Amino acid sequence: MLSIKDLTVNVNDKKILKGINLEIKAGEIHAIMGPNGSGKSTLSHILSGKSGYEVTGGSATYQGKDLLAMPPEIRAREGVFLAFQYPVEIPGVSNVYLLKAALNAVRKYNGQDEVDAMDFLTLVKGKIKALEMDEKFLYRAVNEGFSGGEKKRNEILQMAILEPKLCILDETDSGLDIDALKVVADGVNSLRSPDRAFIMVTHYQRLLDYIKPDFVHVLAHGQIIKSGGPELALELEEKGYGWLEDGQVAA
Amino acid sequence: MNTALNPYMAAYPALAAVLPGQALAWLQDIRADALARFSSHGFPSAREEDWRYTNLAALAKQTFAPVVAAAEPIIDAEWLKPYQLADAWSLVLVDGHFCAALSRTDGLPESVQVLGMADALQTYGGQVAAYFGKAVDSAEHGFIAFNNAWFTDGVFVDIPAQLVLDKPIQCLHIVTQAGAVAATRNLLVLGANASAQWLETFVGAEVAYLSAAVTEAFVGQNASLTAYKVQCESAQAYHFGGLYVQQARDARFNQHNFAFGGLLARSDIRTDLGQGSECELNGLYLGVKRQHIDNHTRINHTQPHASSRQLYKGVLDGRARGVFQGRVVVAEQAQKTDSDMNNRNLLLSPDAEVDTKPQLEIYADDVKCGHGVTIGQLDEKSVFYLQSRCIDEETARNMLTFAFANEMVDKVANEELKIQLQGLLLKKFSSVIL
Ligand SMILES: Nc1ncnc2c1ncn2[C@@H]1O[C@H](COP(=O)(O)OP(=O)(O)OP(=O)(O)O)[C@@H](O)[C@H]1O
Ligand SMILES: [Mg+2]
């Protein structure tokens with residue numbers, strides 16, 4: 001589904017990503033862990049098309065297409081979804097309005113009719129209930145005045161409505177208490193399917209107890225320095241990143 | 001100003017004979033004083049502090065002439081439809097003259113006095129005299145002097161004490177003729193404990209004209225006035241609109257000012273607050289292309305325990321220029337004043353400009369006064385967030401712009417007007433589908 005080859009990215013002439021290689025197939029869940037400032041959010045942003053980054057080399061191919069050549073909204077309509085580490089507050093635009101506009105934009109892109117207003121409300125209300133959110137959130141401005149946990153749930157709500165193919169979750173678990181984490185994990189798990197893939201950026205093994213990854217990668221200093229199975233996360237939890245970064249990598 | 005060079009002065013003698021209120025000595029005095037002032041000062045100049053951001057040189061290059069007699073209106077109810085509220089009483093002024101045929105006052109309680117200003121001066125001259133010129137006079141600036149000398153008509157509305165009107169009264173100012181000046185004068189009186197909604201709408205044919213309107217409003221003790229101004233003048237028009245208010249003790253005045261139209265538009269709103277009274281001024285100005293939109297507010301806290309709130313928002317695109325000058329004056333005896341003033345601007349293009357100048361003048365010592373100003377562009381993080389949610393960039397920008405402006409429309413309690421305003425907003429910043 002996604003093939004990243006030797007991707008190098010600069011921000012303000014500073015090298016942030018220094019040759020990323022990653023193969024993600026439909027149905028897989030990849031966890032990306034790594035120290036603060038290692039480039040995890042940069043990778044998430046570059047995949048979803050945020051401006052301000054300079055791709056200096058390499059490629060990212062999504063479903064056979066050059067992902068990096070598409071404008072952000074086309075990537076989104078093609079099924080790439082980023083749940084932001086820090087979701088933006090948008091005063092004056094209600095949640096329900098954004099959800100509907102987003103869904104209709106995808107449908108239009110796929111040659112479908114706009115969603116019927118009643119069907120849409122039924123759909124949204126079902127999803128919002130599953131995420132144990134109050135319906136009032138629908139009519140509030142996007143993320144405005146939401147707590148950290150509420151913002152993260154809201155991201156998952158959008159994901160649940162849009163049903164993307166490649167879901168990138170940038171620290172969706174950070175700042176969630178255990179009950180909220182379970183709700184969010186349930187939301188993600190209910191979206192698992194053979195034709196959908198996930199990239200989960202996280203600092204905490206805890207998340208991986210609820211959403212079991214197929215692969216765990218360690219991103220440090222702009223490179224993936226180690227990849228492995230779920231057991232790698234446990235090892236990281238125990239030992240931290242130091243043993244990897246020091247170059248004392250055990251084979 | 002050289003009379004010989006001033007076509008307005010040159011044309012005045014012929015006009016004077018047909019202006020209303022000939023028989024009223026007090027009005028003739030006001031007119032004579034105003035004429036003398038206009039003759040020496042003309043329209044305001046950029047040398048005046050309150051006009052330094054608004055240059056009227058282009059106005060001076062053209063001459064607009066009053067429409068002397070009410071012509072058969074070339075507009076009809078159909079033309080008015082986008083602007084005239086269905087669920088309201090309406091008073092229509094066409095080219096500076098009250099038009100009874102287009103007005104709708106049926107169902108208004110008998111105790112409310114509503115009539116054209118020319119008629120009011122004829123029939124109730126004494127009553128008008130009690131208020132006329134008491135909220136603003138010719139010394140204010142050139143447009144007030146001009147209006148005092150030149151006004152041809154307007155409306156007079158007197159709402160007695162205790163009466164609560166459940167529907168708005170809408171005054172529609174319409175200019176249909178190219179080159180016309182419409183100088184209208186309104187007087188609105190609310191007795192004690194009365195409550196009313198008052199809407200003034202300014203529209204015109206797509207031609208060049210000058211609209212110079214003044215409204216004086218007297219809000220009685222513990223009375224409540226919700227006032228709206230919707231300015232949708234033609235793109236070639238010059239607009240001056242002044243609203244001057246006197247608030248008696250405990251009176252409430254809540255004003256919403258929407259400035260959308262005009263080539264050069266200036267709005268002055270001034271209120272003098274009685275003890276314990278409250279005022280809230282909300283404004284939204286939208287400028288595109290080469291529009292110049294200037295908003296002035298002045299709140300005089302003359303008595304203790306009054307509060308005032310102001311929020312003006314501006315959206316400027318193209319080469320448009322916006323001005324906000326808000327002045328709050330707290331007199332020495334106005335203790336316990338609570339005042340807050342905010343102006344927020346969104347510049348959509350590198351060539352758009354805004355001059356903002358909030359001023360606090362405080363002579364009392366036990367007060368709470370604040371003010372704030374922001375000037376910014378659309379937040380790129382928000383644009384990207386929306387794009388990442390499948391929305392194309394242009395729509396994302398329009399959505400954010402609409403959201404910024406719509407906050408002011410949302411404050412409008414009258415549903416019919418709110419919908420009308422949203423329509424006007426969408427028309428101005430099109431391609432957003434709600
Ligand atoms: N706009 C920018 N200008 C300069 N440096 C930047 C910019 N954006 C990111 N960086 C730098 O790029 C590096 C990677 O940042 P990134 O946000 O991708 O890290 P991260 O792995 O997501 O960290 P965290 O775990 O704290 O979220 C950091 O050193 C950061 O300071
Ligand atoms: Mg990050």
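These numbers were taken from a predicted model, which means no experiment stands behind them. Any value given below was found using the heavy atoms of this structure, including those in side chains, with hydrogens, waters and symmetry copies removed. Chain identifiers are assigned alphabetically (A, B, ...) following the order of the sequence lines, protein sequences preceding nucleic acid strands; residue numbering begins at 1 within each chain.
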Gap separating the NZ atom of B:K381 from the OH atom of A:Y86, nearest 0.5 angstrom: 11.5 Å
Step-by-step side chain to side chain contact (heavy atoms under 4.5 Å, CB included) determination, B:Y385 to A:L82: CA-CA 9 Å; B:Y385 188 82; A:L82 170 63; over 6 Å; no
For chain A, the option from B:A403, B:C390, B:S382 that forms the most heavy-atom pairs under 4.5 Å: B:C390
Lys/Arg N to Asp/Glu carboxylate O, A:K50 vs B:E380, below 4.0 Å: no
Under 4.5 Å from a heavy atom of chain A, the part of B:N406 involved: neither
More than 12 heavy atoms of other groups within 6.0 Å of B:R290 CZ: no
Crowding at CG, A:D66 (>12 non-hydrogen neighbours, <6.0 Å): yes
Atom CD of A:E114 with >12 non-hydrogen neighbours under 6.0 angstrom: no
Residue A:E78 versus chain B: region with a heavy atom under 4.5 Å: neither
A:R77 to B:I391 - nearest heavy-atom pair and separation: NH2-C, 4.0 Å
B:K357 atom NZ: more than 12 heavy-atom contacts under 6.0 Å: yes
Smallest separation among heavy atoms of B:R389 and A:E155, with atom names: NH2-OE1, 2.7 Å
Proximity of A:F84 and B:F384 rings by center, below 6.0 Å: yes
A:D13, CG: over 12 other non-hydrogen atoms inside 6.0 angstrom: no
Residue A:Y109 versus chain B: region with a heavy atom under 4.5 Å: neither
Point-to-point distance, once rounded to the nearest 0.5 Å, from CG of A:L98 to CG of B:L386: 6.0 Å
Atom group of B:D379 that falls short of 4.5 Å from chain A, counting heavy atoms: side chain
Winner by heavy-atom pair count (cut-off under 4.5 Å) against chain B, out of A:P72, A:G92, A:S51, A:P71: A:P72
